[in-house]
*Asks:* 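Quick one: structure below, then a few questions.
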Number of protein chains: 2
Amino acid sequence: MKTKIRVLLVDDHQIIRDGLSNMLQEADDIEVCGGAADTARALEMVKKISPDVLITDLSMPGRSGIELIRSIHEKHPGINVLVLSMYVTEDYIFNALKAGAKGYLPKQDTTKAELLKAIRTVARGEEFFSDTIAQVISKLYSHSVKATTTPEAIARKASLTSRETEILRLYTEGLSNTEIAEQLNISIRTVETHKNNIMQKYNFKSTVDMVKFAIRNNLGEA
Amino acid sequence: MKTKIRVLLVDDHQIIRDGLSNMLQEADDIEVCGGAADTARALEMVKKISPDVLITDLSMPGRSGIELIRSIHEKHPGINVLVLSMYVTEDYIFNALKAGAKGYLPKQDTTKAELLKAIRTVARGEEFFSDTIAQVISKLYSHSVKATTTPEAIARKASLTSRETEILRLYTEGLSNTEIAEQLNISIRTVETHKNNIMQKYNFKSTVDMVKFAIRNNLGEA
DNA sequence: ATTAAAACTAAGGGATTTACTTAGAGATGT
DNA sequence: ACATCTCTAAGTAAATCCCTTAGTTTTAAT
């Protein structure tokens, strides 16, 4: 193997980037060509050094990892994205895949060997998922098959409008209905309606559930 | 230096343990003598191998890292605990110190060099804090100086009672006042009182703030 | 052992907010 | 042009908040 696989590491924790970097140095077919702590920096570096594989976390300051993946996928389709996240929930995995990620590994139980394998696999443009993730994905699929409505309908139903997203974000800030209404210059009742619609779309049974969901999906800070 | 500093790594992410382990191998005065993914395992290993330094994350499944630190500090006072956390908020730092941590490093901007320095420092029984953390700590102190009450009073004021913690956890589950009251077999008014006390202790301006705090402090799942 | 201080319990009562339903106006699309 | 989606909003009943007061029990201290 002549040319090494050039990897860019994106994670907001320096110590994790350093750790991974160290780890990957031992593989002689892989070369870490850079690291970034946030989405903006990552995009800059991608333009400059154009890596083969981008390994990224999902939860980061500023725009989320999902946005990063989407940008990369649109502007640099040749770069294969491998997600290394602490979250193994449906939302995260589903959104990462939808955004164009080629692989997904949990931080929890990914070994060095598995990481190397994953890098090599996605570098070839193939997909790689750990067992845990594969299980979640298959569950996602079986869900949409079982449902009476079409997958599109589910997607539509479960995706929020821009106004709803905006309001949801304000909820995660800890604002009350009244405060949100003031900020958006609309009636409290309208805010309430939007909230109800959000709750129904996702079958939340409480505001707290809604906020937790928003935090998991990077619509708000924990 | 004859005997190496024996380090036990506690973090629920295998890939991070591996990364740190790799990194520390390069220091010839430090030896990683084990790793654990949760509090229970960590305590087992501490008994068995009795390390010099325990490096731990704070957010972990099951009992929190804070509890781990407290146990170590009580049962094995000779073992110096170094916290490596993604959180740099007052609550976290304060509670870690109160539990007996000797050092605190943020995952965000800790370099390899700094980590090594921190390990060597706490191994001598001294304290080590990164600049960021030191700032937060000094702010904590200045706060308590300004306040009319004593530092102890503040500490007392800011720490929740077991009942309050229990109720806070139920809030993060998305339960309503009524549901919490039913589950604990107490009056709704009592639940309300506890909640008010929690909100006052931390000056939360909304339930959402309270729940976010609880999630940050691992009292509930995000 | 006596006292003081927290912790847990609970209620009153008015102000405010939220839950749930129903509904109209404007934009979008097919 | 017809259905659908989105954003808007109100009525009413139920829930929660806010602030205060207060009894009982547990815990810590002198």
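In what follows, chains are A, B, ... by sequence order, proteins preceding strands, each numbered from 1.
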*Asks:* Please state how far atom CZ in B:R163 lies from atom P in D:dT26, giving the value in whole angstrom units.
*Replies:* 13 Å
*Asks:* Would you indicate which nucleotide in C:dT9, D:dC18, C:dT18 comes nearest to any side-chain atom of A:S176?
*Replies:* C:dT18
*Asks:* Look at A:T190 and D:dA9 and indicate whether a side-chain polar atom (N or O) is within less than 4.0 Å of OP1 or OP2.
*Replies:*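 Answer is yes, contact under 4.0 Å.
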*Asks:* Taking everything shown except B:R120 itself, do over 12 heavy atoms lie less than 6.0 Å from its CZ?
*Replies:*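 Result for CZ/B:R120: enclosed.
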*Asks:* Is the phosphate of C:dT18, meaning OP1 or OP2, less than 4.0 Å from a side-chain N or O of A:S206?
*Replies:* no
*Asks:* How many Å lie between CD1 on A:I167 and P on C:dT18, as a whole number?
*Replies:* 13 Å
*Asks:* So does A:N177 get a side-chain nitrogen or oxygen closer than 4.0 Å to the phosphate oxygens (OP1/OP2) of C:dT18?
*Replies:* yes
*Asks:* What is the distance, rounded to the nearest whole Å, between atom NZ of A:K205 and atom P of C:dA19?
*Replies:* 13 Å
*Asks:* At 4.0 Å (heavy atoms only), tell me whether B:T193 reaches a base, stays on the sugar-phosphate, or touches nothing.
*Replies:*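 Touches a base.
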*Asks:* Would you say a side-chain N or O of B:N197 is under 4.0 Å from OP1 or OP2 of C:dC8?
*Replies:* no
*Asks:* With respect to B:I119, which candidate in B:L24, B:L105, B:D52 satisfies the side-chain contact (heavy atoms from CB on, under 4.5 Å) definition?
*Replies:* B:L24
*Asks:* Evaluate whether atom NZ of A:K205 has more than 12 neighbouring non-hydrogen atoms of other residues, nucleotides or ligands under 6.0 angstrom away.
*Replies:* yes
*Asks:* In plain terms, say whether A:R17 and A:D57 are close enough for a salt bridge, that is, a side-chain N and a carboxylate O under 4.0 Å apart.
*Replies:*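 Looking at A:D57 together with A:R17, the answer is no, because their closest N to O distance does not fall below 4.0 Å.
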*Asks:* Give a yes/no on whether any side-chain N or O of B:K195 is located under 4.0 angstrom from OP1 or OP2 of D:dC17.
*Replies:* yes
*Asks:* With a non-hydrogen cut-off below 4.0 angstrom, is B:S187 in contact with a base, only sugar-phosphate, or nothing?
*Replies:*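 The answer is sugar-phosphate, as B:S187 gets under 4.0 Å only of primed atoms, P, OP1 or OP2.
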*Asks:* Would you mind reading off the distance between B:E192 atom CD and D:dC19 atom C1', rounded to a whole angstrom?
*Replies:* 12 Å
*Asks:* To the nearest Å, give me how far apart CZ (A:R189) and P (D:dT8) are.
*Replies:*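 The distance from CZ of A:R189 to P of D:dT8 comes to 15 Å, rounded to the nearest Å.
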*Asks:* Any Lys/Arg nitrogen of A:E192 or A:K195 sitting under 4.0 Å from an Asp/Glu carboxylate oxygen of the other?
*Replies:* no
*Asks:* Taking CD1 from B:I186 and P from D:dT24, how many angstroms apart are they, rounded to a whole number?
*Replies:*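 Nearest whole value for this atom pair: 18 Å.
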*Asks:* Categorize B:T161 for me: base, sugar-phosphate, or nothing, with a 4.0 angstrom heavy-atom threshold over every strand shown.
*Replies:* sugar-phosphate
*Asks:* Taking atom P of D:dC18 as reference, at what distance in whole Å does atom CD1 of B:I188 sit?
*Replies:*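 From B:I188 CD1 to D:dC18 P: 17 Å.
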*Asks:* Which nucleotide, C:dT21, D:dC19, D:dT16, lies nearest any side-chain atom of B:N196?
*Replies:*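 Ranking C:dT21, D:dC19, D:dT16 by closest atom to the B:N196 side chain puts D:dC19 first.
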*Asks:* Figure out the CZ/P separation between B:F204 and D:dC17, and round it to whole Å.
*Replies:*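 Going from B:F204 (CZ) to D:dC17 (P), I get 14 Å.
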